[in-house]
Amino acid sequence: MTVRVQTEPFDVSAGIAAITMGRTDIGAIVTFTGTVRGEAHGKLLASMELEHYPGMTEAELVRVEAQAHTRWSLQDTLIIHRVGMLMPGEGIVLVVVASPHRHAAFEAASFLMDYLKTRAPFWKKETALDGSGGWVDARESDDAALARWNLPHS
Amino acid sequence: MTVRVQTEPFDVSAGIAAITMGRTDIGAIVTFTGTVRGEAHGKLLASMELEHYPGMTEAELVRVEAQAHTRWSLQDTLIIHRVGMLMPGEGIVLVVVASPHRHAAFEAASFLMDYLKTRAPFWKKETALDGSGGWVDARESDDAALARWNLPHS
Amino acid sequence: MAAGSDTRPVTLMYFAWVREKVGVAREEIALPASVATVADLIGWLSARGPHYANAFAKPDIIRAAINQVHVKATASLASAREVAFFPPVTGG
Amino acid sequence: MAAGSDTRPVTLMYFAWVREKVGVAREEIALPASVATVADLIGWLSARGPHYANAFAKPDIIRAAINQVHVKATASLASAREVAFFPPVTGG
């Protein structure tokens, strides 16, 4: 289980290698990459800034990972989340899940993203090419997505 | 939509780049990598050989992709499946899905794998370190996995 | 198929353990007009010799494709140029 | 907290637009013993001045953490060393 919060870009193959290199017991690897979309609310995006809560961020991501390992048979997981200034097309978040079986890998990766989106203390601020912008509103659909996993209340 | 059947190894980041490079409209990229496990039925695996049906393989993978694009809002997909001799730990299959939204990307990638596993004409033959081996039996669980997508009969 | 012909050429292909049991990967046959379906063809092939009989001993677990499209055993061979027999697929 | 003390030191942290509205990212306060819950603290802060009142104008959409763990507005501050206020998270 690995968690990284970083300003640098990430590479998906390197993320996979970090948790699978040298192992021959893994059967399925699922990755999720979230990227900055170049258009938001009908406006072209210039950049996106990600603020976070140092300390709590890492603690929440570790809790998210631990939850996934409780629910599914996983060999290893990796979460990388970027902070700071990001450009359209760049990766924001990377989740990598290694499991003996594909359905566990898919479900765990999907769960990690749903959980992370509603629990991990990150906030996005968009700046449009026309200079306008502001903080991104949370989506109710993200809360609904988390609810389907029937988590115990924290 | 891209389909490749090849003997060479693949790289996940290169696969992602092949369908996302230069685009800024994508929000979510899901990849699935199936790998050769080093142990099967309690025996250590020496190698795995993948036979396929040239022509039909490509046609089925194209049909699989087209089905996914019919069901979900996807920006692009890539399927690479290897054939020939593979060693434990090596990648067998790579699926990459790019979508504006994460749930579509997860579902489509999972669907592509379920569909591919029961429709694409590939056959695995295992050779154990002790020299024993043979053709891998199809799993009923794979048919059950496909059934949950409620596909029309072909 | 010209009217009145008793046979027509069809390519047969075998994969995985079906190929190993039959002993060839591919062959051209003259398909008799009386062999109308995939199931008929399996029966006809099984009568050709012990290798075939062995390969098709459990027809329920044999899968078939006509012209590179999956079909059921009841499928008609009317448009078949290429018929393939193989075990359930195990890729991915 | 020694018995009889009226206040104790707590670190407050603000993020995203809560931070922008409050005007600082972090501050140390002397928490009065009468401020028992997160909701109490929001009320107490809102009375400190217009920046706070503005930041906490819609307390329903403010999220809080005590010692870096998500809590509800009814949570007790008894063990709080660090209390954070922020909008619903939008990472990933």
Side-chain angles (χ1 to χ4, degrees), chain B residues 5 32-36 40 48-64 79-84 86 91-95 109-126 133-143 145-146 151 153-154, chain C residues 9-29 31 37-39 41-42 45 51-92:
Chain B
V5 178
F32 176 86
T33 306
T35 54
V36 181
M48 172 177 279
E49 192 165 4
L50 268 143
E51 180 170 332
H52 77 124
Y53 184 171
M56 181 168 168
T57 308
E58 292 80 358
E60 275 297 330
L61 294 179
V62 166
R63 280 193 276 269
V64 166
I79 301 174
I80 299 178
H81 204 297
R82 292 178 65 194
V83 291
L86 277 70
I92 304 169
V93 61
L94 171 65
V95 163
S110 184
F111 167 84
L112 284 172
M113 282 307 305
D114 285 347
Y115 199 129
L116 182 159
K117 282 223 164 223
T118 50
R119 305 285 301 179
F122 294 99
W123 300 274
K124 289 172 177 162
K125 190 175 194 176
E126 294 171 341
W135 296 97
V136 174
D137 281 331
R139 292 184 307 179
E140 288 182 19
S141 63
D142 284 331
D143 287 327
L146 185 64
L151 285 172
H153 278 280
S154 65
Chain C
V10 169
T11 300
L12 300 186
M13 302 187 71
Y14 310 102
F15 294 95
W17 56 255
V18 178
R19 171 180 54 72
E20 290 182 340
K21 290 186 177 185
V22 168
V24 297
R26 177 192 179 109
E27 61 182 329
E28 310 293 326
I29 61 159
L31 186 73
T37 67
V38 169
L41 181 53
I42 288 177
L45 287 167
H51 292 304
Y52 292 98
N54 183 31
F56 294 107
K58 294 178 181 172
D60 287 357
I61 58 169
I62 301 287
R63 300 290 178 269
I66 294 178
N67 304 340
Q68 306 192 350
V69 175
H70 289 288
V71 295
K72 296 187 197 297
T74 52
S76 164
L77 297 173
S79 64
R81 299 175 306 277
E82 180 174 304
V83 182
F85 294 104
F86 42 80
V89 304
T90 56

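Remember, predicted model here, so these are calculated numbers, not experimental data. Numbers restart at 1 for each chain; the letters A, B, ... are given by sequence-line order, proteins then strands.
For chain C, the nearby parts of K117(B) are the backbone and the side chain; heavy atoms of each come within less than 4.5 Å. D137(B) touches chain C through its backbone: at least one of N, CA, C or O sits under 4.5 Å from a heavy atom, while the side chain does not. Proximity to chain C is absent for every atom of R82(B), based on heavy atoms less than 4.5 angstrom apart. Only the side chain of E60(B) comes within less than 4.5 Å of a heavy atom of chain C; its backbone N, CA, C and O stay farther away. Both the backbone and the side chain of V69(C) come within contact range of chain B, with heavy atoms under 4.5 Å apart.
In this structure, T90(C) and F122(B) have side chains that are not in contact, with every pair of non-hydrogen atoms separated by 4.5 Å or more.
Among all heavy-atom pairs drawn from A138(B) and V89(C), the shortest one is CB-O, 3.9 Å. Pairing each heavy atom of W123(B) with each of P87(C), the nearest pair is NE1-O, 2.9 Å. Pairing each heavy atom of Q68(C) with each of R63(B), the nearest pair is O-NH2, 3.2 Å.
Within a 6.0 Å radius of CD in E140(B), other residues, nucleotides and ligands contribute 12 heavy atoms or fewer.
Residue T118(B) holds its OG1 atom at 10.5 Å from CZ of R63(C), rounded to the nearest 0.5 Å.
Using non-hydrogen atoms only and a strict 4.5 Å limit, the part of residues 15-27 of chain C facing chain B consists of F15(C), A16(C), W17(C), R19(C), E20(C).
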